[in-house]
Amino acid sequence: MNLLQRTDVPPTSIPRALPPSEDAIQDYLDRLVAPLIGTVPNEERWRLREETRFHLERLRDDYAAEGRTDREAGQLAIRAYGSASETADRFIETWFRKQPIGPLAARLGHANSIAFVAFGLAELLCTALMMSRIYLPSASVWKYAINPATFHEFIPREVPVPELTPLYLLTVIAALVSPWIAGAVIGLRVPLRAGRAAYQGLLPCIVYSFLAGLVTLPSKELAAFAVLQLAYWLPAGMLSAHFAMLWQRDRRRRAEEVRA
């Protein structure tokens with residue numbers, strides 16, 4: 001009898017090392033599923049993991065049948081399947097595209113339709129305020145106690161005095177705040193490439209502002225608004241959408257960890 005043999009340990013309790021290819025596949029699957037946590041439901045993640053495992057194992061077996069070692073077969077299978085991060089992004093995009101959508105999303109794309117509606121509402125608000133100042137002078141009758149006429153009692157008329165009306169201030173505030181709010185709405189709804197969706201959704205609004213500015217000449221407010229959208233709304237909306245997307249993804253991940 002071999003004195004070095006342990007007879008008091010059952011065979012099932014002895015840990016067995018995974019083959020190199022299986023270990024590499026497990027690591028690939030972990031990296032594949034990690035970006036999906038907090039965005040894609042658990043059932044969908046599990047389905048993706050099992051489907052990917054099936055394809056990787058078939059590729060590994062094909063390479064092994066060609067005479068490759070187990071380690072080489074696993075590495076070649078993973079290389080042929082593609083990067084884990086790129087595969088995860090494609091799956092998120094496909095999953096998001098398959099969500100219930102309306103006719104606008106079917107035509108423009110799910111993410112682009114969300115961005116277009118968000119910036120379209122912001123565009124509608126700002127242009128409505130500007131048009132009311134252009135075509136409804138009576139809307140600016142209510143002024144603060146200090147108005148340009150009072151200024152001109154002390155300051156010559158050659159010095160430009162800003163308009164101090166509630167409608168003017170509301171227009172300025174709306175023009176400055178709207179891209180951040182619209183971008184945040186997009187980022188909370190779009191799980192991938194929210195910044196690009198904001199860019200594509202805002203471009204039609206900029207074109208509309210420019211054309212409306214040409215129609216309303218000699219008033220230059222809407223033309224200046226188109227320039228403001230291009231120089232300020234575009235970067236602000238893209239940044240807001242991107243960081244809101246990251247925040248939403250992190251919030252969902254933490255909530256899922258708590259449930260687990």
Side-chain angles (χ1 to χ4, degrees), residues 1-101 105-106 108-112 187 189-197 199-200 238 241-243 245-260:
M1 179 179 179
N2 187 356
L3 299 178
L4 297 179
Q5 183 178 0
R6 293 284 304 273
T7 59
D8 57 336
V9 180
T12 55
S13 65
I14 301 176
R16 298 175 59 187
L18 293 174
S21 65
E22 187 65 26
D23 191 44
I25 289 176
Q26 290 286 359
D27 179 69
Y28 180 90
L29 295 174
D30 291 340
R31 289 185 287 111
L32 171 66
V33 174
L36 277 59
I37 297 176
T39 301
V40 179
N42 183 54
E43 296 79 8
E44 293 292 326
R45 296 200 308 270
W46 181 259
R47 181 177 64 83
L48 172 66
R49 186 184 185 102
E50 292 307 305
E51 289 180 356
T52 304
R53 180 197 299 276
F54 173 76
H55 291 297
L56 286 175
E57 289 177 349
R58 288 193 60 181
L59 288 171
R60 178 197 60 189
D61 294 341
D62 291 341
Y63 284 116
E66 296 176 0
R68 307 280 186 173
T69 65
D70 184 71
R71 182 184 299 275
E72 290 176 341
Q75 293 175 348
L76 289 172
I78 292 172
R79 189 179 307 167
Y81 201 80
S83 167
S85 60
E86 294 178 357
T87 304
D89 286 348
R90 288 197 301 270
F91 182 80
I92 293 175
E93 192 169 1
T94 302
W95 170 82
F96 181 68
R97 195 185 302 120
K98 290 181 178 179
Q99 300 306 300
I101 58 177
L108 300 179
H110 201 174
N112 292 343
R189 298 289 304 278
V190 178
L192 186 67
R193 301 187 184 93
R196 187 178 70 176
Y199 170 81
Q200 294 175 343
M238 292 177 65
H242 177 72
F243 286 111
M245 177 194 68
L246 296 180
W247 177 84
Q248 179 75 329
R249 185 181 300 174
D250 184 65
R251 185 183 69 84
R252 288 174 176 169
R253 183 182 293 113
R254 290 198 304 267
E256 189 160 327
E257 290 173 354
V258 171
R259 288 196 300 269

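Sequence positions, counted from 1, serve as the residue numbers for this chain.
Applying the side-chain hydrogen bond (donor to acceptor under 3.5 Å, both in side chains) criterion to Arg189, with sequence neighbours excluded, gives no partner residue. For Ala64, the side chain to side chain contact (heavy atoms under 4.5 Å, CB included) partners two or more places apart in sequence, or in a different chain, are Ala73. Residues satisfying the side-chain hydrogen bond (donor to acceptor under 3.5 Å, both in side chains) test with Arg47, not counting sequence neighbours, are Glu44, Glu51. Residues that satisfy the side-chain hydrogen bond (donor to acceptor under 3.5 Å, both in side chains) test with Asp27, not counting sequence neighbours, are Arg31. In this structure Ile78 satisfies the side chain to side chain contact (heavy atoms under 4.5 Å, CB included) test together with Ala24, Tyr28, Leu56, sequence neighbours excluded. Residues passing the side-chain hydrogen bond (donor to acceptor under 3.5 Å, both in side chains) test with Asp61, sequence neighbours excluded: none.
By the 6.0 Å contact criterion, OH on Tyr199 is open, its count of non-hydrogen atoms from other residues, nucleotides or ligands being 12 or less. Around the CZ atom of Arg68, the shell of radius 6.0 Å holds no more than 12 heavy atoms that belong to other residues, nucleotides or ligands.
For the 3.5 Å distance criterion, the side chains of Arg49 and Thr52 fail to qualify, holding no donor opposite an acceptor.
The nearest pair of heavy atoms linking Gln200 to Asn112 is OE1-OD1, 2.6 Å. In terms of heavy-atom proximity, Tyr81 sits nearest to His55 at CE1-CB, 3.7 Å. Contact detail for Gly187 and Ala194: the closest heavy-atom pair is CA-CB, 4.0 Å. Minimum heavy-atom separation, Leu32 to Ala88: O-CB, 3.5 Å.
Side-chain atoms of Gln26 and Arg53, non-hydrogen and from C-beta on, do get closer than 4.5 Å to each other.
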**Request:** Any chance you could lay out the salt bridge (charged side-chain N to carboxylate O under 4.0 Å, His left out) test for Glu22 and Arg71, step after step, and finish with the verdict?
**Result:** CA-CA 9 Å; Glu22 187 65 26; Arg71 182 184 299 275; over 6 Å; no

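Taken to the nearest 0.5 Å, the CD1 atom of Ile92 stands 9.5 Å off from the CG atom of Leu48. Note that CG of Asn42 is 8.5 Å distant from CH2 of Trp46, once rounded to the nearest 0.5 Å. Rounding to the nearest 0.5 angstrom, the gap separating the CG atom in Leu76 from the CZ atom in Arg60 is 12.5 Å. In this structure, CG on Leu36 lies 7.0 Å from CZ on Arg45, to the nearest 0.5 angstrom.
With respect to the salt-bridge test (charged N to carboxylate O, under 4.0 angstrom), the residues Arg79 and Glu72 do not qualify.
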